[in-house]
Amino acid sequence: MGNVDVILKDAMQIDGSIGVALVDYETGMSLGQAGGGGLDLDVAAAGNSDVVKAKLRTMAALGLDEKIEDILITLSSQYHLLRLITARNGQGLFLYMALDKGKANLAMARRQLTNLEKDIQV
């Protein structure tokens with residue numbers, strides 16, 4: 001899991017980053033986190049796990065044979081980005097990142113998080 005700590009530290013270098021966590025969406029447990037800035041990342045991990053599971057159930061009910069790349073939630077002052085891990089050894093995991101909307105470039109943050117996700121070794 002040492003690789004995870006490095007990836008999370010690197011994610012915190014993304015412009016506007018508030019906090020980031022690697023989350024198991026089946027259990028809602030955070031497997032690692034960095035930053036937070038007053039944001040309770042454990043609560044965010046558990047709550048956003050429900051979001052991922054709800055979307056997966058909805059896709060199944062619709063008969064969609066697709067994979068979720070990411071889920072974006074926009075708030076008045078923040079972006080919350082959920083990036084599902086696509087690597088075989090990362091199934092059931094996602095990266096959760098909170099970004100300050102005034103400081104972040106959403107397109108660049110998505111790109112950088114995608115690149116970091118590819119390097120995760122669980």
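Pairs of residues two or more places apart, or lying in two chains, that qualify as ring-ring contact (aromatic ring centres under 6.0 Å, His included) and include a residue from residues 32-84 are H80-Y96. Applying the side-chain hydrogen bond (donor to acceptor under 3.5 Å, both in side chains) test to pairs two or more places apart or on separate chains, those with a residue in residues 25-34 are S30-Q33, Q33-D42. Residue pairs that meet the salt bridge (charged side-chain N to carboxylate O under 4.0 Å, His left out) test with at least one member in residues 99-115, sequence neighbours left out, are D70-R110.
Clustering ILVMFWY residues whenever any of their side-chain heavy atoms sit less than 4.5 angstrom apart, transitively, puts L106 in the very cluster that holds M97.
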Donor-acceptor pairs under 3.5 Å, side chain of residues 9-20 to any protein atom, not counting sequence neighbours: which ones?
none

Could you pull out every donor-acceptor pair under 3.5 Å between side chains of residues 50-66 and any protein atom, sequence neighbours left out?
residue : atom : partner : partner atom : Å
T58     : OG1  : A54     : O            : 2.9

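Rounded to the nearest 0.5 Å, atoms CG (L93) and CG (L31) are 6.0 Å apart. The distance from the CD atom of E117 to the CD atom of E69 is 9.5 Å, given to the nearest 0.5 Å. Taking CD1 from I85 and CG from L95, the interatomic distance works out to 4.0 Å, rounded to the nearest 0.5 Å.
Across every non-hydrogen atom of G32 and L8, the tightest pair is C-CD1, 3.3 Å. For L99 against A109, the heavy-atom pair with the smallest separation is CD1-CB, 3.7 Å.
Annotation: side chain of V23 is not in contact with side chain of L82 (no heavy-atom distance under 4.5 Å). Side-chain contact check for F94 versus N48: some heavy-atom pair is nearer than 4.5 Å.
Take D24 and apply the salt bridge (Lys or Arg N to Asp or Glu O under 4.0 Å) test, not counting sequence neighbours, and it matches no residue. Qualifying side-chain contact (heavy atoms from CB on, under 4.5 Å) partners for N105, counting only residues two or more places apart in sequence or in other chains: A107, M108.
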